[in-house]
Amino acid sequence: SVQDMGRVINPLALEGQVGPERVTAEADVTDVSRQSVAGSTTAIVHPGEFYVALASGTDLFVDAGKPLEPKVFTVDPKGNRVGNVSVKLELVHRTWDVARKATNGGETHTVVEAVDKVVESCSVTTTTSSTPGSCKLTPAASGYHIIHATAVDARKNPIGSSEPLYVFGGSGAAGFGDSDRLSVEL
């Protein structure tokens with residue numbers, strides 16, 4: 001609807017937004033004398049009031065049983081630290097269910113589904129100081145893991161960040177996803 005001074009207020013829902021998005025609004029107005037004026041503007045829309053900055057504090061490859069101490073900050077869109085935010089850290093062990101299904105031509109098709117299991121979690125509260133929040137997570141099983149850091153802002157927007165790592169020397173079998181492609185990603 002058109003407001004005073006020609007302002008248009010139109011709520012915008014960005015369903016599934018996971019990162020900053022550039023939104024452009026364009027308008028073309030024609031008056032009663034058929035004169036036309038056009039304009040546009042662009043704005044960056046952030047997914048929440050802050051971002052969760054996460055550093056695993058380790059290499060991509062780690063030893064089982066060795067505690068990890070991921071470092072967490074929360075920062076606003078301008079890069080200033082935001083304090084007093086509760087951030088949940090989860091160590092997730094990812095495995096894959098792989099099945100081969102027959103197709104009409106007698107060939108097989110690979111169906112892969114990731115299976116995530118939270119194996120450890122802890123929470124930290126961020127501060128505005130230069131010291132990051134941290135707590136210990138200790139992987140026990142070999143294989144692919146993900147550290148998830150999640151929080152919720154005052155408007156109930158879910159905010160998150162994650163880092164992968166691969167654990168060696170633990171219990172269980174290690175694995176990775178599969179596909180029908182005849183290539184290996186390194």
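The structure displayed is predicted, hence computed values, not measured ones.
Between the side chains of S56 and T58, no donor-acceptor pair of N or O atoms lies under 3.5 Å. Using modelled atom types, one finds a donor on one side chain and an acceptor on the other under 3.5 Å when comparing T24 with T42. There is a side-chain donor-acceptor pair under 3.5 Å between R100 and T110.
Residue N84 places its CG atom among 12 or fewer non-hydrogen atoms of other residues, nucleotides or ligands, all under 6.0 Å distant.
Side-chain atoms of D63 do not come within 3.5 Å of backbone N or O of K66 as any donor-acceptor pair. Between the side chain of T30 and the main chain of R34, no donor-acceptor pair closer than 3.5 Å is present.
A 4.5 Å side-chain heavy-atom check between T108 and K101 finds every atom pair outside the cut-off. The shortest side-chain heavy-atom distance between L91 and H145 falls under the 4.5 Å cut-off. Using a 4.5 Å heavy-atom threshold, the side chains of N157 and I159 count as touching. Looking at V87 and T150, their side chains never come closer than 4.5 Å, going by heavy atoms from C-beta outward. By the 4.5 Å heavy-atom criterion applied to side chains, T126 and V72 are counted as neighbours. A 4.5 Å side-chain heavy-atom check between L68 and P139 finds at least one atom pair inside the cut-off. At a threshold of 4.5 Å between non-hydrogen side-chain atoms, the residues R94 and I146 count as touching.
Ion pairing between K71 and E69 fails under the 4.0 Å rule for side-chain N and carboxylate O.
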key: D28 and S36: CA distance, side-chain angles, deciding distance, side-chain contact (heavy atoms from CB on, under 4.5 Å) verdict   = CA-CA 7 Å; D28 188 352; S36 181; 2.6 Å; yes

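Placement of V75 and F50 in two distinct hydrophobic clusters is found when ILVMFWY residues are connected by side-chain heavy-atom separations under 4.5 Å, directly or transitively. Note: the hydrophobic cluster containing Y144 also contains F61 (ILVMFWY, side chain heavy atoms under 4.5 Å, direct or indirect links). Residue V112 is not grouped with residue V115 when hydrophobic side chains (ILVMFWY) are merged at heavy-atom distances under 4.5 angstrom, including chains of intermediate members. Both V124 and V82 belong to a common hydrophobic cluster when Ile, Leu, Val, Met, Phe, Trp and Tyr are linked at side-chain heavy-atom distances under 4.5 angstrom. Cluster membership check: V52 does not share its hydrophobic cluster with V152, using side-chain heavy-atom separations under 4.5 Å among Ile, Leu, Val, Met, Phe, Trp and Tyr.
Scanning both residues, I147 and L165, for their nearest heavy atoms gives CD1-CD2, 3.5 Å. Residues S142 and F168 come closest through the heavy atom pair OG-C, 3.9 Å. Shortest non-hydrogen contact noted between A151 and S86 is CB-O, 3.5 Å. In this structure, E90 and S121 approach most closely via the heavy-atom pair CG-CB, 4.0 Å. Of all non-hydrogen atoms in A149 and L89, the two that sit nearest each other are CB-CD2, 3.6 Å. Closest approach of C135 and P70 over heavy atoms only: O-CD, 3.4 Å.
Cation-pi contact between R81 and F73: present, with separation from the ring centre below 6.0 Å and deviation from the ring axis of at most 45°.
Distance check, rounded to the nearest 0.5 Å: OG1 of T95 to CD of E113 gives 10.0 Å.
Applying the salt bridge (Lys or Arg N to Asp or Glu O under 4.0 Å) rule to pairs touching residues 137-156 yields E49-R155, sequence neighbours excluded.
Residues Y51 and H46 place their aromatic rings such that the two centres sit under 6.0 Å apart.
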